[in-house]
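Order of the sequence lines fixes the chain letters, A, B, ..., with proteins taken first and strands second; residue numbering starts at 1 for each chain.
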4 protein chains.
Amino acid sequence: MNPLLSALAGDAEIDALLSDDAQLTAMLAVEAALAEASVDCGWIEEGAALAIKSAIAAFVPDRAALAAGMAQDGVVVPALLRQLRATVAESHRAALHRGATSQDVIDTALMLQLARVFDLYESRLAALLERLDALGTDAGARPLMAHTRMQAALPTSWAAKIESWRAPLQRHLRALGAMRRTLLVVQLGGPVGDRGSFEGHGDAIAAAMARRLDLGLAEPWQATRDPIVALGNLLALISGSLGKLGADVALLAQSEVGALRLEGAGGSSAMAHKANPVNAEILVALARYNAGLSGTLGQAMLHEYERSGAAWTLEWLTLPPMLVTTGASLRLGVRLVEQLHLA
Amino acid sequence: MNPLLSALAGDAEIDALLSDDAQLTAMLAVEAALAEASVDCGWIEEGAALAIKSAIAAFVPDRAALAAGMAQDGVVVPALLRQLRATVAESHRAALHRGATSQDVIDTALMLQLARVFDLYESRLAALLERLDALGTDAGARPLMAHTRMQAALPTSWAAKIESWRAPLQRHLRALGAMRRTLLVVQLGGPVGDRGSFEGHGDAIAAAMARRLDLGLAEPWQATRDPIVALGNLLALISGSLGKLGADVALLAQSEVGALRLEGAGGSSAMAHKANPVNAEILVALARYNAGLSGTLGQAMLHEYERSGAAWTLEWLTLPPMLVTTGASLRLGVRLVEQLHLA
Amino acid sequence: MNPLLSALAGDAEIDALLSDDAQLTAMLAVEAALAEASVDCGWIEEGAALAIKSAIAAFVPDRAALAAGMAQDGVVVPALLRQLRATVAESHRAALHRGATSQDVIDTALMLQLARVFDLYESRLAALLERLDALGTDAGARPLMAHTRMQAALPTSWAAKIESWRAPLQRHLRALGAMRRTLLVVQLGGPVGDRGSFEGHGDAIAAAMARRLDLGLAEPWQATRDPIVALGNLLALISGSLGKLGADVALLAQSEVGALRLEGAGGSSAMAHKANPVNAEILVALARYNAGLSGTLGQAMLHEYERSGAAWTLEWLTLPPMLVTTGASLRLGVRLVEQLHLA
Amino acid sequence: MNPLLSALAGDAEIDALLSDDAQLTAMLAVEAALAEASVDCGWIEEGAALAIKSAIAAFVPDRAALAAGMAQDGVVVPALLRQLRATVAESHRAALHRGATSQDVIDTALMLQLARVFDLYESRLAALLERLDALGTDAGARPLMAHTRMQAALPTSWAAKIESWRAPLQRHLRALGAMRRTLLVVQLGGPVGDRGSFEGHGDAIAAAMARRLDLGLAEPWQATRDPIVALGNLLALISGSLGKLGADVALLAQSEVGALRLEGAGGSSAMAHKANPVNAEILVALARYNAGLSGTLGQAMLHEYERSGAAWTLEWLTLPPMLVTTGASLRLGVRLVEQLHLA
């Protein structure tokens, strides 16, 4: 997304958590944890792990070579390892990444990145719930004309409306918490995902890695992506609920309805009198975008065999924009609720 | 879906659970439970409930008039009530559907229908897991060439492959169980969804209805459809996991790979030697179809105001084919696993 | 789609054109044309063609066996040919379907069915354009408050609004006409799509079939489905333009806006005063449904090798509901425009 | 898309044509052409146009203020005009953007950008067709085992396979040419899209702008987005056809099939013997991504009233990644065909 559009409909904080730099940092943390866990289990020597961690601490990537490797191999890890390995003493090189495969590093690194994204989502959801609670306390008792099928129906209260915005967000906050346990787990499988390359140490190394990285433990899941798709689905639920809020606000703020007014609404290049419900509209757009992406992410469940470059790349194309879109929805949701002046 | 296509890629049992007849039966059960619950709470008289239940027991719908009402009003309930009300003694007519709105009846009826659909899914998932377990016991120790990125990689075992098919299905079975509690709840809100029309008895009536219908209790949720969309998402996960199984089987059964053979594979009109992995291919098609539909169902979260005819109808267009598709995936998944002869 | 929902959001006329019966009729017409074309080119004897045409004229399918064959083979043609062949004198049996494959029959039959669907679309589009023209003549000069970004903007005229509904429909009518030439073509390829099975007569037989069936001529296209997906895209454009019309009408008919009134609007089970813009809402739902399906149909372009059972089945799952949805959009669009009373 | 992923699955050249800088340049060109066209029609004075063009030539945007304006107003044009207007002599300020609205500038600028994108697509399609022709000349006569439904079927020739890749691309090249006429047109409508703000000069100004910008002429189309969605559909057809090519190549290059070999295939971090068909897999991923996005872009047809901020923003979220994805598909398609060594 271009910077201008991102200022409107993106999320700089999520961008940073998902940047190439953040991914490189996370991947190096995974390689370090693998080395340490391999020492724990007697699979590599302590000196090797120390050498690897020193190399990682001092590592300065050649970014152009990483990009070239990505284009060549379809994953960045081979190129990254070539660069990193060159900075490790030859006697310890075989210990680096021993037994592992690119996907172990990339998927586990993603979990580290997602843990931080979840932190941000949770804090924004909490802020949003707090503001909605405050709004309900302030104005919940005021009457509001309810509308069904786009027609005025009968009077209800602002409390009922605010509760209909709040309840789904509360559910999503709980679902995020639950997903920390089911999704944020280590991936360790080796080349074909059966830990065979770890010669019997695979389970122990995975457990030690999980402990060191503060992730859950799981059997290898490289080609069974339902937890990733389930994350995408939750993201679309979050932005969908905020899109519903946005749709309501845009309708209630209509010139002819006037059930609420927006502080600091958007201006027009041609009509000075306009007060456009920009943030409400963007929430609708983000909801529709994320819903569509979730259907496309679902196509990525169909991995061929033990690993599909096609399905995995499709995941890379869809999940990051979904994470950004969800972040943007929460950012704008908080902002929009702050803008509301109920009639 | 036409009968011929349905024989291949549909599900007659799910069709029956979602038929117009099944819906009418469920809607009448909801009206009866509402009447009884209203007696429980002193909101209508016992005689009225008895009259309503008698009328329901004897009710024979005029289907053409129901269809005409559906086309006119966008929901079938007004026409249904006109017909039913004509068979209730005039003194009790006001008690029928008292305080409720069409959506209360339709959404709660859907929950009753879904409970039976869940039964079927769970029994098929259990059957599938059992067959996979048996396959693992029989053949898990046999070697299998693993493939990554569409290339032969290193040997693994059939056990690892079978486990990669089994684990997601086990997760989905658990998720269905959990969804019984979060999704299968009563909807009672009245015209604008705040239970105001029940003059203070709404919460108690909802609780009594839930008890009588063996559904969970919930605040009105008419325009907050995230639990419905979450169901669609789970359906796509189920068919997606089975699509992954289908993709694997079609690849492993390739003439040149020959890692498995299919008992009773499909024939060709032009090539007698062909043994086509038809069920495997259909599982792939169903997975992609359901994934796409889940993204479209997500668009239905954006209800305008207190009830959107557009969003609700979109749900009706997408959720039933998703339910059928998921049923068909499970049906064919069981059949496909029975067809497998591992090399 | 269940009959009740179909009364609201389906299309009985399109259903009939896409029914199993219609498909069987079309497939038999294709087999007859193939036989005749094969005589034209000296590839089978005239007596054989006469025998085949007699058998087709007298053919009564065993539907249960067709369904079983569909489930077994993934296509109905092998079972259909078994039944049909049994009614042809043994000496002529080899001439039936000679050189052809199931897909030749199914795809070409689809083109015959689509030609009739196009007739219906074109006549409805013409009716709709006529009604919009009449509306513009009647009421185009009246003022209308324009709205941008959900806010009242500046006055415009009804003429401008009506033109914005009309222009895209005019474009779609032209595109349908153009698609008759690019899409409605014969498919003849034989088992692997290279006409090799026709031993040098393939091109001539295809040309004769095209002439006899009033279809265009084309090289075999069995695994290159872009013209089919392009049809789906056009369908989504048609229903999308009508969804835009529906969205406008629902907004303009709002109680608070009152820029138009709907004759014969929908009623509510709980609120007698409601006049719900049901047809407008359904147009929105159909537009969103079709747009989503078009994205899923696009997934069906990825045929593996010379024919993919998975991709082809996905097409069967998505294209028919798109055709029905587009028909329903046109049906309801005509009805909605007839309901409009402009302020 | 992050730089690393972009190196694999993105397109730097398309990125540049769609960058904020490219958009700003195009928007300023539109303002200049509007000023000149307004002089042509006597709607502003020549001196004003000269002052505006000088200001544009010297303009250096304050990017932070543009981003803030975008976030505030939902479009960048008001902020851009504030900055630009400050550099125009006060006497000429009213002539800048006179009669126009933000959307006139943004949509027309998009057309200028798309014209350059089309140039790139066409040259890549031509290069791809040329390479496929050369491949057919070299190797078309060689035999190839055809596969249907994932099973070996009968022998065919490489010529037939190559033709099945070539024919759709040829169609798409023609469709791009046709779309230059139907899509690449000026948008000029003023605030509510009826050219009323131009006080009778609107049609003439639009015609003069079209001439000066080398775009087609059209009635205002601000809220009728079918041509934009049709573009998205064509993009998905292009990437879909290339995805089919990619799927074929990945299948044909399988270790067990070996019908072709890839020069410079991808490597693995764990298995030195692998030759991964990376570019083929990416083509599949891009096709599925673009197909999904096209379904989501279709949701953007439902503009509310005369301009929907929600629908328009949804277009901005989906169309640019589709344009990049299509570019990447063509880039990788050319590369993949160069890598092919047919058996």
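- Side chains of V229(C) and N233(D) form no contact here, defined as non-hydrogen atoms less than 4.5 Å apart.
- If you measure heavy-atom distances from P220(D) to chain C, you find no contacts under 4.5 Å at all.
- Residue R225(D) does not touch chain C at all, counting heavy-atom pairs closer than 4.5 Å.
- Heavy-atom distances place the side chain of V257(D), and not its backbone, under 4.5 Å from chain C.
- A236(D) touches chain C through its backbone: at least one of N, CA, C or O sits under 4.5 Å from a heavy atom, while the side chain does not.
- At a 4.5 Å heavy-atom cutoff, A159(D) makes no contact with chain C through either its backbone or its side chain.
- Side-chain contact between S241(D) and M301(C) is present, with heavy atoms from C-beta onward closer than 4.5 Å.
- Here the closest heavy-atom approach between residue D226(D) and residue P168(C) is recorded as OD1-CB, 3.5 Å.
- Within the 4.5 angstrom heavy-atom criterion, only side-chain atoms of R171(C), from C-beta onward, approach chain D.
- To the nearest 0.5 angstrom, S164(C) atom OG is 9.0 Å from Q222(D) atom CD.
- Using a 4.5 Å cut-off on side-chain heavy atoms (C-beta onward), T224(D) and W165(C) make no contact.
- Residue pairs satisfying the salt bridge (Lys or Arg N to Asp or Glu O under 4.0 Å) criterion with at least one member in residues 294-312 of chain D, sequence neighbours excluded, are listed as follows: K161(C)-E306(D).
- The shortest distance between side-chain heavy atoms of D248(C) and H303(D) does not fall below 4.5 Å.
- Counting heavy-atom pairs closer than 4.5 Å to chain D, the top residue among S308(C), G243(C), A310(C) is G243(C).
- The two atoms that bring P155(C) and V192(D) nearest to each other are O-CG2, 4.3 Å, heavy atoms only.
- Closest of all the heavy-atom pairs between Y305(C) and K244(D) is O-NZ, 2.7 Å.
- Within the 4.5 angstrom heavy-atom criterion, atoms from both the backbone and the side chain of L252(D) approach chain C.
- Between L154(D) and P191(C), the closest heavy-atom pair is CD1-CB, 3.8 Å.
- Atom CD of Q299(C) and atom OG of S294(D) lie 8.5 Å apart (nearest 0.5 Å).
- Judged by distance alone, the side chains of T156(C) and D194(D) do bring a donor and an acceptor atom under 3.5 Å apart.
- When all heavy atoms are compared, the tightest approach of A291(C) to G298(D) is CB-C, 3.8 Å.
- A230(C) approaches L237(D) most closely through the heavy-atom pair CB-CD1, 4.0 Å.
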